Amino acid sequence: MSEAYEHLHRSVRSLADEDEAARIRRIRTDRWIGYARAEAALETLEDLLTFPKRTRMPNLLVVGPTNNGKTMIVEKFRRAHPVREATDAPDGTASMPVLKVQMPPGPDECRFFGAILDALGMPHAPHGRVAAKQDAALRVLRATGVRVLVIDELHNLLSGSVLQQRRLLNLLRWLGNELQIALVGVGTAEALRAIRSDDQLANRFEPFPLPLWIDDDGFRRLLSTLEAVLPLRRPSGLAESAMALRILAASEGVLGEIVSMVTKAAVLAISSGVEAITMRVLDGSGFVRPSERRRVAV
Ligand SMILES: Nc1ncnc2c1ncn2[C@@H]1O[C@H](COP(=O)(O)OP(=O)(O)OP(=O)(O)O)[C@@H](O)[C@H]1O
Ligand SMILES: [Mg+2]
C-alpha cells in the first residue's frame with residue numbers, strides 16, 4: 001500500500017493492491033488501448049458521420065493484416081454512437097447512426113441483405129426472396145437514419161464467383177448512392193484488391209492502412225501504454241530497446257499478438273510473484289510465435 005506505483009496509470013494504481021486472482025482476471029479482460037493510428041482512424045470515422053448528405057458520399061476502407069486491430073476500431077466507433085430508442089428521441093423515432101455488418105462468406109445479395117436485417121434486429125426468412133429483403137432492409141435503414149454502414153470482413157467478397165463479386169460491388173455502389181450514406185469497408189489487402197477491381201468504387205474508397213507494427217516511436221508508446229494499464233506492482237520497462245525488440249520479433253508485428261504476449265507475461269509476472277515482466281518472464285510465459293503456431297497446428 002505504501003508504494004506509489006508510479007509506473008501505472010493513475011486509474012490503475014489502486015488495482016495493484018488487489019489480490020492475485022482479481023488482478024489476473026482484470027488482465028485477461030479485453031480493454032481498449034489507444035494508439036495514434038487508431039485515434040486517427042476514429043477521427044476519420046467521426047468525419048464521415050457528420051458529412052452532409054450528397055450524391056457522392058465518401059467511403060473508407062480500413063485495411064490491414066489479420067489480428068491487427070481493425071474490428072476493435074470499428075467496434076469502438078459503433079459503441080460511441082449507440083442506438084437511440086424511440087422513447088428517448090424528441091421526434092419519437094428510433095435512430096441508429098452506425099450500423100455494422102459482416103460480409104457473409106460466399107456472399108450473394110440475399111445473404112448480404114439478410115446480414116443487414118440481422119444487424120438491424122429484423123426477423124426475416126433465411127430463404128426469402130431477395131427483392132423482399134432488399135425492400136425491408138432499405139426501409140429500415142432509412143427509418144433508423146443510418147449514416148454510416150460498416151462492412152467488416154469485406155474480403156469475403158472474394159469467396160464468391162467473379163459474377164457474384166461484380167454484382168455485390170455494384171450493389172454497394174448503388175446502396176451508397178441510393179441512401180446517401182457513407183460506407184466503411186474493413187478487411188485485409190484482399191478486400192482492397194476486390195474494391196480496386198471496380199474502377200468506380202476504387203476512386204470512392206479511401207484506403208486507411210493499418211500496417212504491421214515496426215520499431216518506431218508509436219510502437220514504444222504502445223508498449224508504455226500497455227505497461228501502464230496492467231496492474232503489476234513493479235515497473236517492467238517494456239518500451240526499453242531490448243524488451244521492445246524481443247516483443248516485436250516474437251509477435252511478428254501483429255497487434256493482437258503483441259497484446260496477447262504481454263498479457264500472458266503479465267499473468268505469469270503475478271502468479272510467480274516477480275511482479276514485473278522481465279526477459280525470463282517473457283521466455284517462461286509459453287507464448288508461441290504466430291508463424292510457429294501455424295506450423296505446429298494439425
Ligand atoms: N485498441 C486495442 N486495444 C486493445 N487490444 C487490441 C486493440 N486492437 C486490437 N487489440 C487486440 O488484438 C486482437 C485482434 O484485434 P481485431 O479483432 O480488431 O483484429 P482484426 O484486424 O479485425 O483481425 P481480423 O482481420 O482477423 O478480423 C483483439 O482481440 C485484441 O486482443
Ligand atoms: Mg476483424
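One-based numbering, in listed order, for ligands and for the atoms of each. Residues: numbered from 1 along the sequence shown. Given the structure is predicted, the values throughout are model-derived calculations rather than measurements. Values reported hereafter were calculated over all heavy atoms of this structure, with side chains retained and with hydrogens, waters and symmetry mates removed.
- The protein atom (non-hydrogen) at minimum distance from atom 21 (O) of ligand 1 is Lys70 NZ, 2.7 Å.
- Val288 and Val254 fall into different hydrophobic clusters, where Ile, Leu, Val, Met, Phe, Trp and Tyr side chains are chained together by heavy-atom contacts under 4.5 Å.
- Taking every heavy atom of both residues into account, Ala194 and Leu157 meet most closely at CB-CD1, 4.0 Å.
- A parallel orientation is assigned to the rings of Trp32 and Tyr35, their planes being inclined by less than 30° (bins at 30° and 60°).
- With Val186 as the fixed residue, the side chain to side chain contact (heavy atoms under 4.5 Å, CB included) test singles out one of Leu60, Val150, Leu210, Leu154: Val150.
- Coordination check, Met72 versus the Mg ion (ligand 2): failed, since every N/O/S atom of the residue sits at 2.8 Å or beyond.
- Summary of contacts: the protein heavy atom closest to atom 26 (O) of ligand 1 is Thr66 OG1, 2.5 Å.
- Counting only heavy atoms from C-beta outward, the side chains of Ile27 and Pro231 approach each other to under 4.5 Å.
- Considering backbone and side-chain atoms together, His155 places no N or O closer than 3.5 Å to any N or O of ligand 1.
- Taking each heavy atom of Leu230 and Val12 in turn, the nearest pair found is C-CG1, 4.5 Å.
- Numbered from 1 in the order shown, with element, the atoms of ligand 1 that lie under 4.0 Å from a heavy atom of Arg31 read 3 (N), 4 (C), 5 (N).
- At the top of the distance list for atom 3 (N) of ligand 1, counting protein heavy atoms only, stands Ile33 N, 2.7 Å.
- Proximity annotation for atom 11 (C) of ligand 1: of Gly256, Ala191, Pro65, Gly256 comes nearest, heavy atoms only.
- Note that OG1 of Thr188 is 9.0 Å distant from CZ of Arg193, once rounded to the nearest 0.5 Å.
- Comparing Lys76, Glu39, Met72, Glu153 against atom 9 (C) of ligand 1, the shortest heavy-atom distance belongs to Met72.
- Checked against a 3.5 angstrom limit, the closest N/O atoms of Tyr35 and ligand 1 fall outside it.
- Between Ser224 and Ala239, the shortest heavy-atom contact is OG-CB, 3.5 Å.
- Contact analysis leaves Glu75 out of contact with ligand 1, as no non-hydrogen atom separation drops below 4.0 angstrom.
- In this structure a side-chain-to-backbone donor-acceptor pair under 3.5 Å is present from Lys70 to Pro65.
- In terms of protein heavy-atom proximity, atom 19 (O) of ligand 1 is nearest to Gly69 N, 3.1 Å.
- For the residue pair Arg204 and Arg173, the shortest heavy atom distance occurs at NH1-CG, 4.1 Å.
- Distance check on atom 29 (O) of ligand 1: every protein heavy atom falls at or beyond the 4.0 Å cut-off.
- From the protein, the heavy atom lying nearest to atom 17 (O) of ligand 1 is Thr71 CB, 4.0 Å.
- Checked by distance only, ligand 1 and Asn68 come closer than 3.5 Å through their nitrogen or oxygen atoms.
- Of the polar atoms of Asn67, at least one N or O is found under 3.5 Å from an N or O of ligand 1, judged by distance alone.
- Below 4.0 Å from some heavy atom of Leu255 lie the following atoms of ligand 1, by number and element: 7 (C), 8 (N), 9 (C).
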